[in-house]
Amino acid sequence: MLTPASRATKPDPADLLTWYDRHRRDLPWRAKPGEPVDPYRVWLSEIMLQQTTVAAVQPFYRRFLERFPTVSALAEAPVEAVMQAWAGLGYYSRARNLHACAKAIVEKHGGHFPATEAELLTLKGIGAYTAAAVAAIAFDQPAAAVDGNVERVLSRLFMIEEPLPKAKPLIRELTQDLVPVERPGDFAQALMDLGATICTPKRPACALCPWMKPCRARAEGLQETFPRKIRKESGQLRRGAAFVVLRADDSILLRTRPPQGLLGGMAEAPTSAWEPDYEPSRAVLDAPIEARWQRLPGVVRHVFTHFPLELTVLLAKVSRSTPAPDDMRWTSRRELHEEALPGVMKKVIAHALGDLPTPPTKPAPTRRKRSAAEGETS
DNA sequence: GAATCGTGGTC
DNA sequence: TGACCAAGATT
């Protein structure tokens, strides 16, 4: 039994909604008060925002929506165009699933998103969080959308000692209990805005928090120590070689990676295998064609979620008549920006050729000078 | 349940 | 500067 002195105040959803009405963020995918909600935009933004910051998503979201304004426009587009529009945003299976989901919406749901969590869950790329978020935000269903922000807010509010991810079921229950019957969509967004702007991972602005009083972690001064987590070690460094072939007609050799797995379906300069004990001095043995290979000084460093990578870059210049090996193709430098090049491959090409001609309007820069001291691109 | 899956920003 | 983090899903 709790004594009156030890009983904490229960957080009131109304206090959070009042705070939200004053401090809500103005985001491009967020309907303004009174405006109709477009489920397509809500869904698109939620997929893009998975493990991705608001700042990183914004330019991609705007470009993507311009190119694919409706779910049917997206469904009718070739998957290659979708991958290209996603290039640089990361987690590329999201793009493939997004396209598959759009087709399912058109073909199985008459072009309309289902309004319930259960139905949304059956669609590709939509898991527990996204189903709840779309149901709440687009259809005003009382669903508990629990993302990283909500986990942090709730773990502090209730001072949950159980570390993540084991605490997820409990957090979900506690969140569901807080979801109000009225304005559940705003409540979901308010909770995330609170986590993003007030209840931040470091130095939370508790003094500005509408839930400061009921927050148990705050009462103990331990707010920064929540949520509890078990941190996992970073993966082992892998090395490899990347081969940039520049043909006399100013095109370079590319291939498309297999649809599944790391960087699935994305374009790349041919590379060796990536392994911890790769020996760069033997890289020429892995080259895609016979040529006079020049090993460039420095390496391209890149960090994936589960391992860091170091690529040695080899450059070769070949004649205009050189054919592309099977499963490879030539792409002119001028049209390189139309390829679905992931970030690491942009680094590789920039390392070999100088800056990428991503903005088509910029004049092609001359080959970048490189000294032994200055050779590392990170 | 543990691994896999990108990238950019922050401190 | 390296660890951590960001509106997670899939296998």
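FYI, side chains are in, hydrogens and waters are out, and symmetry mates aren't considered; it's all heavy atoms of this structure. A note on names: the letters A, B, ... follow the listed sequences, proteins ahead of strands, and every chain is numbered from 1.
Rounding to whole angstrom units, CZ of residue A:Arg25 and C1' of C:dA6 are separated by 11 Å. Rounded to whole Å, atom P of C:dT1 lies 11 Å from atom CZ of A:Arg301. Distance CZ (A:Arg238) to P (B:dG6): 12 Å, rounded to an integer number of Å. For the pair A:Leu98 CG and C:dA7 C1', the interatomic distance rounds to 15 Å; values are reported in whole Å. For the pair A:Arg228 CZ and C:dC5 C1', the computed distance is 18 Å after rounding to whole Å. If you measure from atom OH of A:Tyr92 to atom P of B:dC5, you get 13 Å, rounded to the nearest angstrom. One interatomic measurement links the two molecules: CZ of A:Arg94 to P of C:dA6, which rounds to 15 Å at whole-angstrom precision. Computed from coordinates, the A:Lys168 NZ to B:dG1 P distance equals 11 Å when rounded to whole Å.
Taking the nucleotide of DNA chain C with the nearest heavy atom to each of A:Asp193 and A:Lys124, the more 5' of the two is matched to A:Asp193. With DNA chain C read from its 5' end, the first of the two nearest nucleotides for A:Leu27 and A:Leu121 is the one closest to A:Leu27. Both A:Leu262 and A:Lys202 lie close to DNA chain B; mapped to their nearest nucleotides by heavy-atom distance, the more 5′-ward contact belongs to A:Leu262. Annotation: of the two residues near DNA chain B, A:Lys166 and A:Phe307, the 5′-most nearest-nucleotide partner is A:Lys166.
Counting only heavy atoms from C-beta on, A:Val54 has its side chain closest to C:dA7 among B:dC11, C:dA7, C:dT10. Taking every side-chain heavy atom of A:Tyr91 into account, B:dG6 is the closest of C:dA7, B:dC11, B:dG6. Comparing C:dC5, B:dT7, C:dA7 by their nearest atom to the side chain of A:Asp147 picks out C:dA7. Of the candidates C:dA7, C:dA9, B:dT7, the closest approach to any side-chain atom of A:His302 belongs to B:dT7. Nearest nucleotide to the side chain of A:Tyr129, out of B:dG6, C:dA6, C:dG8: C:dG8. Taking every side-chain heavy atom of A:Asn149 into account, C:dA7 is the closest of C:dA7, B:dC11, C:dA6. If you check B:dG6, B:dT4, C:dG8 against the side chain of A:His306, the one that comes closest is B:dT4. Side chain of A:Pro201, nearest nucleotide from B:dT7, C:dC5, B:dG6: C:dC5. Between C:dG8, B:dT4, C:dA7, one nucleotide has an atom nearer to the side chain of A:Gln50 than all others, and that is C:dG8. With C:dA7, B:dT7, C:dA6 as the choices, the nucleotide that has an atom nearest any side-chain atom of A:Leu49 turns out to be C:dA7.
Residue A:Glu35 places its CD atom among more than 12 non-hydrogen atoms of other residues, nucleotides or ligands, all under 6.0 Å distant. Enclosure of atom NE2 in A:His112 is not indicated, since only 12 or fewer non-hydrogen atoms of other residues, nucleotides or ligands lie within 6.0 angstrom. Taking a 6.0 Å sphere around CD of A:Glu275, one finds it holds more than 12 heavy atoms contributed by other residues, nucleotides or ligands. Counting non-hydrogen atoms of neighbouring residues, nucleotides and ligands closer than 6.0 angstrom, the CD atom of A:Gln260 reaches no more than 12 such neighbours.
Side-chain contact, A:Thr331 with A:Glu339: a donor N or O sits under 3.5 Å from an acceptor N or O. Inspection of the A:Thr312 and A:Tyr278 side chains reveals no N or O donor paired with an N or O acceptor under 3.5 Å.
Note: A:Trp29 and A:Tyr61 meet the aromatic proximity criterion, with ring centroids under 6.0 Å apart. Ring pair A:Trp86/A:Tyr91: centre-to-centre distance not below 6.0 Å.
Contact annotation for A:Leu89: base contact, defined as any heavy-atom pair under 4.0 Å involving a base atom. Residue contacts shown for A:Trp86 are absent, as no nucleic acid heavy atom lies under 4.0 Å away. At the heavy-atom level, A:Gly195 lies nowhere under 4.0 Å from the strands shown. Heavy atoms of A:Arg96 sit nowhere under 4.0 angstrom from any nucleic acid atom. Base engagement by A:Lys232 is indicated by at least one non-hydrogen atom pair under 4.0 Å involving a base atom. The residue A:Arg203 sits apart from the nucleic acid: no heavy atom pair falls under 4.0 Å. Among the atoms of the strands shown, none is found under 4.0 Å from any heavy atom of A:Ala145. Counting non-hydrogen atoms under 4.0 angstrom, A:Val57 reaches nothing in the nucleic acid.
No N or O donor and acceptor, one from the side chain of A:Arg152 and one from the base of C:dA6, sit under 3.5 Å apart. Interface remark: the A:Ser234 side chain does not form any donor-acceptor pair with the C:dG2 base, using a distance-only criterion of under 3.5 Å. Within 3.5 Å, no donor on the side chain of A:Thr130 pairs with an acceptor on the base of C:dG8, nor the reverse.
Contact between the side-chain N/O atoms of A:Gln51 and the OP1/OP2 oxygens of C:dG8 is found at a separation under 4.0 Å.
For the P atoms, the distance linking B:dA3 with C:dA7 amounts to 24 Å, nearest Å. Between B:dG6 and C:dT11, the distance separating the two P atoms is 14 Å to the nearest Å.
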